[in-house]
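Before any comments, here is the structure.
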Amino acid sequence: MPWNIPIFLTWMRVLLIPVFTILFFLPKEWLNDHITVNWLAAFIFAAAAITDWFDGFLARRWKQTSDFGAFLDPVADKLMVAVALILLVSLGRTYAIFAMIIIGREITISALREWMAQMGKRGSVAVATIGKFKTAAQMAAILCLLVGLRNFYGFDLIYIGNMLMLIASILTIWSMFYYLKMAWKEFQQ
């Protein structure tokens with residue numbers, strides 16, 4: 001397993017998942033009036049989301065891409081998003097159907113990519129632009145829902161988060177069909 005800064009950032013994202021989860025459930029009485037648990041959890045999630053973009057950027061820029069990094073990065077992303085979605089559903093801040101669509105798609109596409117990699121056709125289901133938009137909508141939605149304020153400078157973050165989650169769910173389905181279409185071309189050959 002190669003060690004470099006991009007892989008270190010990916011591992012940090014994985015290690016932030018339990019920190020994020022613990023902060024999410026800390027009693028509010030443990031903190032002062034100016035910091036709420038939701039803000040701390042949202043901050044940790046935001047830091048993890050930023051490393052998602054940053055580790056890939058650095059790996060490409062410094063030419064430190066590796067098979068292990070290509071494997072670990074999407075695993076870290078999917079774990080982070082799945083945990084956040086489950087926590088949000090448990091609080092009733094987002095709809096379970098969104099979580100089911102997103103998590104179900106992630107499992108399906110991960111399995112498809114694994115199968116295609118075994119066939120030596122990994123490139124046929126490489127990340128597409130639509131997947132990047134889906135990820136951006138998911139991350140923004142999760143951040144809004146983690147903060148969970150109904151009046152944040154006049155904005156209802158729960159409503160905005162759920163609208164972004166709806167957009168992310170639509171993009172999730174769309175991107176799943178895109179990847180399945182790409183794989184189908186390989187199946188026909």
| Separation between CG of L23 and CG of L16, rounded to the nearest 0.5 Å | 9.5 Å
| message | Holding to salt bridge (Lys or Arg N to Asp or Glu O under 4.0 Å), I want the full list of residues that pass it with R150, two or more places apart in sequence or in another chain. | response | D156
| said: Quick check: closest heavy atoms across V89 and A96, and the distance to 0.1 Å? | reply: CG2-CA, 3.9 Å
| query | Taking a hydrophobic cluster as the set of Ile, Leu, Val, Met, Phe, Trp and Tyr residues connected by side-chain heavy atoms closer than 4.5 Å, whether directly or through intermediates, do I17 and L72 fall within one such cluster? | reply | yes
| Are the aromatic rings of F155 and F152 close, with centres under 6.0 Å apart? | no
| message | How long is the straight-line distance from CD1 of I5 back to OG1 of T51, given to the nearest 0.5 Å? | response | 13.5 Å
| Which is it for M165 and Y95 under the side-chain contact (heavy atoms from CB on, under 4.5 Å) test, yes or no, and what are the steps along the way? | CA-CA 9 Å; M165 197 62 74; Y95 300 100; over 6 Å; no
| Heavy-atom side-chain proximity of W11 to W3 below 4.5 angstrom | yes
| Derivation of the side-chain contact (heavy atoms from CB on, under 4.5 Å) call for N162 and R93 | CA-CA 8 Å; N162 277 308; R93 290 195 189 154; 5.9 Å; no
| message | If hydrophobic clusters are built from ILVMFWY residues whose side chains come within less than 4.5 Å, do F68 and V14 share one? | response | yes
| query | Below 4.5 Å, heavy atoms only, C-beta onward: do F8 and D55 meet side chain to side chain? | reply | no
Without placing hydrogens or testing angles, list every side-chain donor-acceptor pair under 3.5 Å for residues 134-146, not counting sequence neighbours.
from: K134; atom 1: NZ; to: E106; atom 2: OE2; distance (Å): 2.7
from: T135; atom 1: OG1; to: G131; atom 2: O; distance (Å): 2.9

| field | Approximate separation, where rounding is to 0.5 Å, of L166 CG and I97 CD1 | value | 11.0 Å
| request: Report the residues that fulfil side chain to side chain contact (heavy atoms under 4.5 Å, CB included) with W53, sequence neighbours left out, ordered by chain and then residue number. | output: F57
| said: When you group the ILVMFWY residues by side-chain heavy-atom contacts below 4.5 Å and let the links chain together, are L79 and F20 in the same group? | reply: yes
| query | Can you get from V81 to I107 by hopping between Ile, Leu, Val, Met, Phe, Trp and Tyr side chains that sit under 4.5 Å apart? | reply | yes
| query | If you round to the nearest 0.5 Å, how far is CD1 of I22 from CG of L40? | reply | 12.5 Å
| message | I want to check something: taking the side chain as every heavy atom from C-beta on, are T108 and L112 in contact at a cut-off of under 4.5 Å? | response | no
| request: Return yes if some donor-acceptor pair links the side-chain N/O of R105 with the main-chain N/O of I101 below 3.5 Å, else return no. | output: no
| field | Between NZ on residue K78 and CG on residue D73, distance to nearest 0.5 Å | value | 8.5 Å
| Do the side chains of I86 and I103 get nearer than 4.5 Å, heavy atoms only? | yes
| task | Please confirm whether the backbone N or O of D52 pairs with a side-chain atom of D77, one donor and one acceptor, at under 3.5 Å? | result | no
| task | Please examine the side chains of F98 and L85, heavy atoms only from C-beta on, and report whether any two atoms are closer than 4.5 Å. | result | no
| task | Please check if W115 and F177 belong to a single hydrophobic cluster, counting links between Ile, Leu, Val, Met, Phe, Trp and Tyr side chain heavy atoms closer than 4.5 Å. | result | yes
| request: Check for a donor-acceptor pair, side chain of S90 on one end and backbone N or O of L87 on the other, with a separation under 3.5 Å. | output: yes
| If you measure from CD on Q64 to CD1 on I7, what distance do you get to the nearest 0.5 Å? | 8.5 Å
| message | Could you report the tightest heavy-atom contact between V19 and L15, atom names first, then the distance? | response | CG2-O, 3.8 Å
